[in-house]
Amino acid sequence: MGSKKTLPNLLAERGFKHEQEVALRQKHLGIWNEITWGDYLKKVEQLAISLANRLAFKSGEKLAIIGENRPQWLYSQMAAQSLGGISVGIYQESLPEQIVYYLNDCQARIVVVEDQEQVDKLLEIEEEIPLVEHIIYYNKQGMRHYRHSKLIDLEELLDQGINLIEEIPHFFQDKLAQILGDDYAMIAYSAATTGKSKGVLLTHDSLIEAAKNLTLVDKMENREDYFSFLPLSWIHEQVISSVIPLTTGIVINFPEKPHTVIGDLREIGPKTLLAPPRVYQKIMSDFTIRMEGASWFKKKVYQTFKKFGDKMAQSKLNKQTLSSGEKFMYQLGDVLIFSAIRDHLGLSRIKRAYIAGAALEAEAFYFFHSIGVNVKQTYGGTELAGIAFVQHDNDINVESAGVPLPGTEVRIGEDGAIYVRNSSISTEYLHEKDNETISDGWVTLGDCGRLGTDGHLYMLDRREDIIKDQNGKLIYPRIVESKLKTSPYIQEAVCFGKEKPYMTAILNIDMNSVGRWADKNRIVYTEYSDLARNAQVVEFIEQQVTELMGQIPAYARVKRFTILHKQFTADDGELTRTLKVRRKFIEDKYQMLINGMYSETQKVTMTNFEKESIGEISLQVIQLNMKQGVA
């Protein structure tokens, strides 16, 4: 029998003991609106009693939620869990066909959505989701003239909840008393870098334990600010935004809109941040470009102290010692410029900035630590209830994924696969057939790596992506791709070469940095496709790739590459919703282009592009010059 320690019970406890303390902030029309723990608890109680008495929501049922990061997202989730139900987060940017899969897979009867856009999606696929009986929305904008039997305004349910509480005053407490720690709290779907997403069942105990283990390494204190902008459907964000606040009292801050994230981040100045590598790389790239356009004086001041920032980063990351003079110059630089940079980036109060979803390349690591931002690599996944490995503040290694959290075990299989087990986390898939991949509690996410003598986990690549060349040497595409992405002008790189004579790559250029370079060189363009196919841009990127390939072993170097005319997106299926590359999907989709890079052709004409307004497009295949040292 499980414990009585559940997420709703933790909320009730905090709502009573810290009723007037701030739990959440939501920016609306430029104003940060505060929600106390008492308010949070009342909203959950009102919604829970309405779900149960009006919509007959019962224990064990699933409630799906689709929307941006909002307090209503958390109210809905906690209300369902208060009734013994299971919440299911669905990425708000999911296409209609993807929503069909998720809703039918989890068999949700009730769906909570944010706005008109999500309502329209569900009504469009109504015939394909026969189990859905009710669609609850919480943003009324554009909904005035909607008349559909399945639609319900969340505000109506909350208002009805006030009256129901008066009629059944002990209903909520009675329901909380019935929930146990080993009851299922949520279904989180895996990233699906290969194949379909798998639903993972997570209990209250699992989520609370995951939160506890992370805060044992990185202590988070009452009233500390956290900025929540990554999708709440992602298990990493879910643990920090909804579970850790219940155990520590940190305050969750939601941005007004996706496009206001950077400005809102600067206003909040959080103590903790979580983001995938692409976010950190973009911050670094944008800063680098801004410095290039800065005044002579600002450039001079920055360059004067940058070398001491670099030495400080080298000292921290490589466990080297600084002289007293170097420490003084760094501290002076921190007062004069580094603190201003952190403030401009919204990172002035950061204690830890977690990297999740993939590895951050070394150059970005050194950059952030040089300006005093404590970025830390993590490793985990849906099956592990979020983060399972993290770097400690005094033991950061740019090449590692960190060390196991307390209570976490790791072993490496004969094929190099990473297996993880946590005695307190019971992993179970929604469908029985998927549970065959779990053995005695050991779970693998499909990654290969090694354990260092320092206790750190070192990632190599996905098991299915590792390449063996004609001489039997192993090539890890992820390492080559990371090297390519150290260029501020290359946003994404996907390498190929399995059962081929040499390595090739499809690149996405960084629109901002390449655009600035193009402006300086008086290159006329209107959109991404113009830049990607411009002859001068192609030549410039070739120089970048040539220089980078000279830094890795000859057998692993990319020999031919192409710059794609469009950026990889999650909507087109090339990325997951957490911005991970879906290599197999890309390989299948661009097979014609990949084949062209293994022929003598210099151009590949692509046809039948979905969502393209043009019938065909020609892409150049660039072969790196043998004289430049690339085999």
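Separation of atoms CG (Leu207) and CE (Met186) is listed at 4.5 Å; rounding is to 0.5 Å. Taking CD1 of Ile86 as the reference point, atom CG of Leu201 lies at 6.0 Å (rounded to 0.5 Å). Residue Ile49 holds its CD1 atom at 11.5 Å from CD of Gln160, rounded to the nearest 0.5 Å. To the nearest 0.5 angstrom, Ser50 atom OG is 9.0 Å from Ile162 atom CD1. Put simply, NZ on Lys219 and CD on Glu224 are 9.5 Å apart, with the number rounded to the nearest 0.5 Å. Asn374 CG to Lys351 NZ: the interatomic distance, rounded to the nearest 0.5 Å, is 11.5 Å.
You'll find the side chain of Pro8 stays beyond 4.5 Å of the side chain of Val44, heavy atoms only.
With Glu574 as the partner, the salt bridge (charged side-chain N to carboxylate O under 4.0 Å, His left out) test is satisfied by one option alone out of Arg582, Lys566, Lys584: Lys566. Put simply, the residue from Val403, Val217, Val410 that forms a side chain to side chain contact (heavy atoms under 4.5 Å, CB included) with Phe389 is Val410. When Val132, Leu151, Val100, Ile99 are each tested for a side chain to side chain contact (heavy atoms under 4.5 Å, CB included) with Leu122, only one passes: Ile99. Among Gln107, Arg109, Lys62, the single residue meeting the side chain to side chain contact (heavy atoms under 4.5 Å, CB included) criterion with Leu131 is Gln107.
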Side-chain donor-acceptor pairs of residues 259-271 under 3.5 Å, sequence neighbours excluded:
unit_1 : atom_1 : unit_2 : atom_2 : d
Thr260 : OG1    : Lys257 : N      : 3.0
Thr260 : OG1    : Lys257 : O      : 2.9
Thr260 : OG1    : Asp264 : OD2    : 2.7
Asp264 : OD1    : Lys27  : NZ     : 2.8
Asp264 : OD2    : Glu256 : N      : 2.9
Arg266 : NE     : His344 : O      : 2.6
Arg266 : NH2    : His344 : O      : 3.0
Glu267 : OE1    : Lys27  : NZ     : 3.2
Glu267 : OE1    : Trp32  : NE1    : 2.8
Glu267 : OE2    : Lys27  : NZ     : 3.0

Using a 3.5 Å cut-off and no angle test, enumerate the donor-acceptor pairs between side-chain atoms of residues 9-18 and protein atoms at least two apart in sequence or in another chain.
unit_1 : atom_1 : unit_2 : atom_2 : d
Asn9   : ND2    : Lys4   : O      : 3.2
Asn9   : ND2    : Thr6   : OG1    : 2.8
Asn9   : ND2    : Leu176 : O      : 3.4
Arg14  : NE     : Leu246 : O      : 3.2
His18  : ND1    : Glu21  : OE2    : 3.2

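Side chain of Thr248 to main chain of Asn222: no donor-acceptor pair is present (N/O by atom type, distance under 3.5 Å, no hydrogens or angles). Looking only at distances, no side-chain donor or acceptor of Glu128 sits under 3.5 Å from a matching main-chain atom of Ile125. In terms of modelled atom types and a separation under 3.5 Å, the side chain of Thr36 and the main chain of Glu19 share a donor-acceptor contact. Distance alone, capped at 3.5 Å, places no donor-acceptor pair between the Asp105 side chain and the Tyr101 backbone.
Taking the six-membered ring where tryptophan is involved, the planes of Phe368 and Tyr280 are perpendicular, since the angle between them exceeds 60° and thus also 30°.
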Practice problem: Let me see the working for Gln141 and Gln116 under side-chain contact (heavy atoms from CB on, under 4.5 Å), right down to the final yes or no. | Solution: CA-CA 7 Å; Gln141 188 172 355; Gln116 181 186 16; over 6 Å; no

Quiz item: Step by step, would you call Glu124 with Lys121 a salt bridge (charged side-chain N to carboxylate O under 4.0 Å, His left out)?
Solution: CA-CA 5 Å; Glu124 176 189 335; Lys121 285 184 192 177; over 6 Å; no

Quiz item: Would Asp120 and Glu117 satisfy side-chain contact (heavy atoms from CB on, under 4.5 Å), going step by step from the backbone distance to the final call?
Solution: CA-CA 5 Å; Asp120 287 344; Glu117 179 186 356; 5.8 Å; no

Practice problem: Take Ser233 and Trp73 through the side-chain contact (heavy atoms from CB on, under 4.5 Å) test and state the conclusion after the steps. | Solution: CA-CA 10 Å; Ser233 309; Trp73 213 107; 4.1 Å; yes

Practice problem: Apply side-chain contact (heavy atoms from CB on, under 4.5 Å) to Leu384 and Asn422, showing your working. | Solution: CA-CA 8 Å; Leu384 305 174; Asn422 188 311; over 6 Å; no

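Among residues at least two apart or in separate chains, there is no salt bridge (charged side-chain N to carboxylate O under 4.0 Å, His left out) pair with a member in residues 73-83. Evaluation of the ring-ring contact (aromatic ring centres under 6.0 Å, His included) test over residues 114-154, restricted to residues two or more places apart or in two chains, returns none. Residues in residues 214-244 take part in these ring-ring contact (aromatic ring centres under 6.0 Å, His included) pairs, two or more places apart or across chains: Phe227-Phe229, Trp234-His236.
Ion pairing between a basic and an acidic side chain is recognised when a charged N comes within 4.0 Å of a carboxylate O; Arg577 and Asp571 show such pairing. With respect to the salt-bridge test (charged N to carboxylate O, under 4.0 angstrom), the residues Lys42 and Glu45 do not qualify. Taking a cutoff of 4.0 Å between a charged side-chain nitrogen and a carboxylate oxygen, Glu156 and Lys140 do not qualify as a salt bridge.
Applying the side-chain hydrogen bond (donor to acceptor under 3.5 Å, both in side chains) test to Glu221 and every residue at least two apart in sequence or in another chain returns nothing. For Arg278, the side-chain hydrogen bond (donor to acceptor under 3.5 Å, both in side chains) partners two or more places apart in sequence, or in a different chain, are Glu492. Residues forming a salt bridge (Lys or Arg N to Asp or Glu O under 4.0 Å) with Asp286 (at least two apart in sequence, or on another chain): Lys282. In this structure Asp218 satisfies the salt bridge (Lys or Arg N to Asp or Glu O under 4.0 Å) test together with Lys376, sequence neighbours excluded. By the salt bridge (Lys or Arg N to Asp or Glu O under 4.0 Å) test, Arg342 pairs with Asp334, sequence neighbours left out. For Glu155, the salt bridge (Lys or Arg N to Asp or Glu O under 4.0 Å) test picks out no residue, with sequence neighbours left out. For Val251, the side chain to side chain contact (heavy atoms under 4.5 Å, CB included) criterion is met by Val22, Arg25, Asp225, Asn253, not counting sequence neighbours.
Annotation for Leu430 and Cys106: closest pair CD2-CA, 4.0 Å, computed over non-hydrogen atoms.
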